[in-house]
Chemist: 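I have a structure I would like to understand better, so I am pasting it below and will then ask my questions one at a time.
Each chain gets a letter, A, B and so on, in the order the sequences are listed, and its residues count up from 1. As a basis for the values below, the full set of heavy atoms in this structure was taken, side chains included, without hydrogen atoms, waters or symmetry mates.
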Protein chains: 2
Amino acid sequence: MALSIAARSAVAGQMRASEAASPPLVTPEACARCEAREVSVCSVLSGDDLARLSHISVVSTVGEGETFITEGDPADHFFNITAGTAKLYKLLPDGRCQVTGFARTGDFLGLAAGAVYVFSAEALEPVRFCRFARSKLRGFLRDCPEMERRLLDLARNELVLAQEQMLLLGRKRARERLASFLLSWQQRAAPGPGNRLMLPMTRTDIADYLGLTIETISRTLSAFKKTRLIAQTALSELIILNGTELAAIAAGDR
Amino acid sequence: MALSIAARSAVAGQMRASEAASPPLVTPEACARCEAREVSVCSVLSGDDLARLSHISVVSTVGEGETFITEGDPADHFFNITAGTAKLYKLLPDGRCQVTGFARTGDFLGLAAGAVYVFSAEALEPVRFCRFARSKLRGFLRDCPEMERRLLDLARNELVLAQEQMLLLGRKRARERLASFLLSWQQRAAPGPGNRLMLPMTRTDIADYLGLTIETISRTLSAFKKTRLIAQTALSELIILNGTELAAIAAGDR
DNA sequence: CGCGATCTTTGACCCAAGTCAACCCCGGAG
DNA sequence: CTCCGGGGTTGACTTGGGTCAAAGATCGCG
């Protein structure tokens with residue numbers, strides 16, 4: 001990631017030197033170097049198509065806490081996360097929040113949108129992404145069925161996850177929800193040294209993702225620690241000691 | 001619907017007469033007559049493509065209570081509902097059930113699946129559908145980008161609904177959930193005479209959809225009746241008297 | 001290095017919805 | 001017409017997780 005951020009900075013630097021008003025367009029070379037490519041939609045693209053795509057994409061970064069997609073705004077862009085973690089969420093008028101997912105490197109955002117975005121996205125740590133204008137992407141897709149197929153696969157996979165989450169929110173108990181979350185996050189997040197699990201989100205984010213409160217998250221984590229299912233190495237860093245048992249809890253088997 | 005069922009029966013009749021072992025293949029003429037076409041994926045197809053699609057589709061019907069997709073089975077087929085209503089659901093090992101959606105005429109099933117189905121589908125009333133082998137559809141999609149685009153649109157729309165449902169399950173109170181459900185069902189279901197809303201599902205199905213119990217559904221419906229938000233004309237048939245107020249409740253505004 | 005802000009943990013109490021149980025209603029079979 | 005069985009409704013009571021409150025970590029910053 002350090003390498004990649006350096007590469008990105010170089011691109012932004014180029015841009016700034018040549019034309020400060022226009023956004024930092026991506027060069028095919030930058031795409032070829034991008035270490036997020038193999039986990040992104042772009043992985044299916046041949047050199048030729050990749051070059052075309054790079055010309056309609058714009059790289060940017062946002063800092064921690066910044067909102068880069070706002071529910072209700074015209075859904076003019078798609079986003080491909082190339083570094084960092086973001087939370088995706090929906091709000092009720094009175095402020096109640098449901099986090100619908102966490103987006104990481106390689107995730108493609110904007111599929112779940114009609115004319116306007118139906119969710120907001122906020123960076124949990126510095127996030128870098130490629131942005132595509134919806135109108136331009138449409139033209140690209142016309143000539144590139146592989147990409148369209150890939151997007152369909154992504155959307156289908158997201159649907160599978162969404163339904164799994166409905167089961168969790170509708171029918172699982174608090175401890176089952178948290179166990180499910182820890183295991184699924186372990187799947188998706190690169191494990192740190194010593195099998196450490198990094199959680200870039202706050203307890204509030206986890207609570208809003210699992211349909212619980214921060215107090216319940218805290219209490220349940222403490223219970224998991226007491227029964228030696230997990231160990232906490234830092235506030236946002238823990239180790240899963242007994243994944244088998246956690247999986248049994250997640251499935252509702254005890 | 002009556003006409004359509006008759007048409008289907010004719011097709012099945014032909015089939016049975018000629019070759020009992022093989023399934024009832026659809027003829028292009030049957031597709032042209034199909035009154036579910038305009039609301040289905042097939043609506044985007046030209047006559048030529050429609051004819052091709054018809055040759056890889058198989059019509060069948062299932063009776064009330066029959067399960068025609070089983071979670072965990074190899075996901076070999078896609079389904080396009082052409083009549084009736086089905087519930088889609090997931091189960092936990094101990095039997096807890098989450099209904100992830102109700103499928104009606106025009107709905108396309110099987111997008112949310114990897115190698116195996118991740119949900120089950122059961123007919124709530126007699127259901128008719130066209131079934132496509134996944135392998136055959138893949139070949140068809142290769143030559144028919146409109147269809148692929150349409151499937152992507154369908155998947156995206158389902159994703160929007162899924163996220164809305166996550167908000168409901170994670171953050172809404174019982175009365176807000178029920179109000180949301182009644183209004184969304186009113187949107188999708190053809191209104192009966194006198195603005196009547198037909199509910200082909202049982203209280204149990206509604207409860208499993210909203211992450212509640214039948215008792216809570218029953219009590220909340222009674223409360224809505226008492227405050228004259230709705231009126232009940234039969235066990236599974238009601239009228240929305242005050243949609244504005246229901247919408248305010250659904251949004252969490254009171 | 002120590003201050004203040006923010007996040008987390010823990011405890012005491014409460015309540016929305018779940019559980020358990022009795023009864024009702026309706027529709028189909030005999 | 002009556003019986004029977006499977007929803008559906010309603011009431012009494014319980015409870016898992018929410019709410020409120022206070023104290024304890026953690027971290028950025030001057």
Side-chain angles (χ1 to χ4, degrees), chain A residues 63-65 87 92 94-99 122 124-126 168-181 198-227 230-238 249 252 254, chain B residues 63-65 87 92 94-99 122 124-125 168-181 198-226 230-238 249 252 254:
Chain A
E64 181 180 334
K87 69 170 170 182
L92 283 171
D94 64 2
R96 277 175 284 175
C97 173
Q98 178 65 37
V99 170
E122 180 187 318
L124 297 179
E125 50 190 4
L168 180 148
L169 292 169
R171 288 300 182 218
K172 289 191 181 177
R173 322 222 131 275
R175 45 194 268 105
E176 298 164 352
R177 296 187 197 196
L178 194 54
S180 302
F181 167 70
M198 311 293 294
L199 299 176
M201 67 290 287
T202 67
R203 300 287 186 267
T204 303
D205 298 330
I206 299 175
D208 286 342
Y209 181 56
L210 299 179
L212 300 167
T213 59
I214 50 171
E215 292 93 333
T216 299
I217 300 297
S218 192
R219 279 188 253 268
T220 309
L221 276 179
S222 296
F224 284 174
K225 275 186 278 183
K226 192 141 38 189
T227 51
I230 64 171
Q232 201 170 20
T233 47
L235 239 186
S236 288
E237 193 183 298
L238 47 82
I249 293 172
R254 61 198 64 162
Chain B
E64 182 182 333
K87 67 170 170 183
L92 283 170
D94 66 2
R96 276 174 283 174
C97 174
Q98 178 65 38
V99 169
E122 180 188 317
L124 297 178
E125 51 190 5
L168 179 148
L169 292 170
R171 287 300 180 220
K172 289 190 182 178
R173 323 220 131 272
R175 44 193 269 107
E176 297 164 352
R177 297 186 196 195
L178 194 55
S180 303
F181 167 70
M198 311 293 294
L199 299 175
M201 68 290 287
T202 66
R203 300 286 186 269
T204 303
D205 297 330
I206 299 175
D208 287 341
Y209 181 56
L210 299 178
L212 300 168
T213 60
I214 50 172
E215 291 93 334
T216 299
I217 300 297
S218 191
R219 279 188 254 268
T220 310
L221 276 178
S222 296
F224 284 174
K225 276 185 278 182
K226 193 141 37 190
I230 63 172
Q232 201 170 20
T233 47
L235 239 186
S236 290
E237 194 184 298
L238 47 82
I249 294 173
R254 60 197 68 160

Chemist: Main chain of A:L169, side chain of A:R177: is a donor-acceptor contact present, judged purely on distance under 3.5 Å?
Modeler: yes
Chemist: Under 4.0 Å from OP1 or OP2 of D:dG17: is there any side-chain N or O of A:T216 that close?
Modeler: no
Chemist: Kindly point out which of D:dT10, C:dT10, C:dG18 is positioned nearest to the side chain of B:S218?
Modeler: D:dT10
Chemist: A:E215 has an atom CD; how far is it from atom C1' of D:dA23, in whole Å?
Modeler: 14 Å
Chemist: To the nearest Å, how far apart are A:R219 CZ and D:dG16 P?
Modeler: 13 Å
Chemist: Any base atoms under 4.0 Å from B:L235, or only sugar-phosphate, or nothing? Heavy atoms, all strands.
Modeler: sugar-phosphate
Chemist: Without swapping roles, check the side chain of B:S218 against the backbone of B:I214 for a donor-acceptor pair under 3.5 Å.
Modeler: no
Chemist: Ignoring hydrogens and angles, tell me if any N or O in the side chain of B:Q232 forms a donor-acceptor pair with the backbone of B:L235 under 3.5 Å.
Modeler: yes
Chemist: Nearest whole angstrom, please: distance from the C1' of C:dC23 to the CD1 of B:I214.
Modeler: 14 Å
Chemist: Give a yes/no on whether any side-chain N or O of B:T204 is located under 4.0 angstrom from OP1 or OP2 of D:dG7.
Modeler: no
Chemist: Counting side-chain heavy atoms from CB outward, which of C:dG18, C:dT8, D:dT9 is closest to B:T213?
Modeler: C:dG18
Chemist: Using whole Å, report how far CD1 of B:I217 lies from P of D:dT10.
Modeler: 14 Å
Chemist: Is A:Q98 reaching over with its side chain to a backbone N or O of A:Y209, donor-acceptor style, under 3.5 angstrom?
Modeler: yes
Chemist: Nearest whole Å is fine: how far is C:dT9 C1' from A:Q232 CD?
Modeler: 10 Å
Chemist: By the 4.0 Å heavy-atom rule, please label B:L212 as base, sugar-phosphate, or nothing.
Modeler: sugar-phosphate
Chemist: Looking only at heavy atoms, which two atoms of B:R175 and B:F224 are closest? And how far apart?
Modeler: O-CZ, 3.5 Å
Chemist: Please determine which of B:D208, B:T204, B:D205, B:T202 meets the side-chain hydrogen bond (donor to acceptor under 3.5 Å, both in side chains) test together with B:K87.
Modeler: B:D205
Chemist: How many whole angstroms separate atom CZ of A:R203 from atom P of D:dA25?
Modeler: 15 Å
Chemist: Send over the distance from A:I206 CD1 to C:dT9 P, rounded to a whole Å.
Modeler: 9 Å
Chemist: Provide, to the nearest angstrom, the distance between the CZ atom belonging to B:F224 and the P atom belonging to D:dT9.
Modeler: 14 Å
Chemist: Looking at DNA chain D, which of residues 169-179 of chain B put a heavy atom within less than 4.0 Å of it?
Modeler: none
Chemist: Can you give me the closest heavy-atom contact between A:R171 and B:L212, atom names plus distance?
Modeler: NH2-O, 2.6 Å
